[in-house]
Amino acid sequence: MLVVAGSIEIDPANRDAAVAAALRMMEETQREPGCLSYTFSADLAEPGRFRIFEEWQDEAALHAHFKAPHMAAFQKAVAGLGVRRMAIQRYDVSAVGPVR
C-alpha cells in the first residue's frame with residue numbers, strides 16, 4: 001500500500017474556490033480503481049491550509065491517478081488559488097495495524 005499525505009496552503013481569500021475544487025477532486029478520485037481513501041481536510045486554525053491524505057492499493061493505481069482528467073482539471077484550478085506552499089509526501093507502507 002502507498003500513502004500520500006501533506007498540506008497545501010493557499011491565499012485564504014480563495015478558500016471557497018479551493019473547497020469546491022477539492023470536493024470535485026475527492027468525488028472523482030474516490031471512484032478510481034485502487035483508491036482506498038482520498039480526503040482533503042480544511043485546517044481548523046489556518047483558513048488557507050488544507051490537508052490531504054490518500055491510500056492507494058499499489059503503484060499502478062497511483063500512476064493512473066496522476067493521468068486522470070480530473071487531476072488535470074484540479075491542477076488547473078489550484079494554479080489560480082494563490083498557492084503559497086505545497087508539501088506532499090509519498091510513503092511506501094510495509095505493514096498496517098492498530099495503534100495499540
Side-chain angles (χ1 to χ4, degrees):
M1 177 174 58
L2 303 175
V3 169
V4 176
S7 64
I8 301 171
E9 295 180 21
I10 60 152
D11 179 346
N14 296 323
R15 186 178 191 281
D16 289 344
V19 168
L23 280 170
R24 283 191 301 275
M25 182 65 165
M26 281 176 42
E27 290 169 356
E28 292 294 324
T29 300
Q30 290 169 349
R31 290 193 281 267
E32 290 182 43
C35 177
L36 305 175
S37 71
Y38 192 94
T39 305
F40 277 96
S41 303
D43 190 298
L44 299 177
E46 296 291 332
R49 182 181 299 147
F50 294 85
R51 308 263 180 208
I52 187 166
F53 184 81
E54 310 170 25
E55 294 173 302
W56 294 93
Q57 185 175 357
D58 54 31
E59 188 79 31
L62 181 59
H63 282 287
H65 168 65
F66 291 137
K67 295 176 183 176
H70 52 272
M71 172 60 92
F74 178 73
Q75 289 175 334
K76 183 177 179 181
V78 168
L81 297 176
V83 174
R84 296 178 174 175
R85 182 175 169 274
M86 188 178 299
I88 301 172
Q89 300 289 327
R90 168 200 156 141
Y91 302 88
D92 294 293
V93 179
S94 61
V96 177
V99 173
R100 292 181 171 229

Would you say [Y] ends up clustered with [X] if hydrophobic residues are merged whenever their side chains have heavy atoms under 4.5 Å apart, either directly or through other cluster members?
X	Y	result
Met25	Phe53	no
Leu44	Phe50	no
Ile88	Val83	yes

Legend entry - Sub-4.5 Å side-chain heavy-atom contact between Phe40 and Leu23: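 Counting from C-beta outward, Phe40 and Leu23 never come under 4.5 Å.
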Legend entry - Side chain proximity check, Met86 to Val78, heavy atoms < 4.5 angstrom: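 Of all side-chain heavy-atom pairs linking Val78 with Met86, at least one is under 4.5 Å.
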Inset, instruction - Search all heavy atoms of Ser41 against all heavy atoms of Thr39 and return the closest pair with its distance. - result: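 Nearest pair, atom of Ser41 first, then Thr39: OG-CG2, 3.8 Å.
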Legend entry - Heavy-atom closest contact (Gly82 atom, Asn14 atom, distance):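 Looking at all heavy atoms of both residues, the closest pair is N-ND2, 4.0 Å.
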Inset, instruction - Tell me, please, which residues at least two apart from Glu59 pass side chain to side chain contact (heavy atoms under 4.5 Å, CB included). - result: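 Glu59: side chain to side chain contact (heavy atoms under 4.5 Å, CB included) contacts with Leu2, His63, Arg90.
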Legend entry - Partner residues of Ala77 under the side chain to side chain contact (heavy atoms under 4.5 Å, CB included) criterion, sequence neighbours left out: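 Ala77 satisfies side chain to side chain contact (heavy atoms under 4.5 Å, CB included) with Ala21 once adjacent residues are dropped.
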Inset, instruction - Please collect all salt bridge (Lys or Arg N to Asp or Glu O under 4.0 Å) contacts where either partner lies in residues 62-81, sequence neighbours excluded, each pair once. - result: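 Those involving residues 62-81 do not exist here.
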Inset, instruction - Give me the other members of the hydrophobic cluster that Val99 sits in, counting Ile, Leu, Val, Met, Phe, Trp and Tyr linked by side-chain heavy atoms under 4.5 Å, directly or via other members. - result: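 Its cluster mates, by chain and number: none.
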Distance-only check: which donor-acceptor pairs under 3.5 Å involve side-chain atoms of residues 3-10, not counting sequence neighbours?
residue	atom	partner	partner atom	Å
Ser7	OG	Arg85	NH1	3.4
Glu9	OE2	Arg49	NE	3.1
Glu9	OE2	Arg49	NH2	3.3
Glu9	OE2	Arg85	NH1	3.4

Inset, instruction - Report the distance from atom CE of Met1 to atom CG of Asp58, rounding to the nearest 0.5 Å. - result: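 It comes to 12.0 Å.
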Taking only distance into account, with no hydrogens and no angle test, what donor-acceptor pairs under 3.5 Å do side-chain atoms of residues 30-38 form with protein atoms, sequence neighbours excluded?
residue	atom	partner	partner atom	Å
Gln30	NE2	Tyr38	O	2.7
Arg31	NH2	Glu28	OE2	2.9
Glu32	OE1	His65	ND1	3.4
Glu32	OE2	His65	ND1	2.8
Glu32	OE2	His70	NE2	2.6
Ser37	OG	Glu55	OE1	2.7

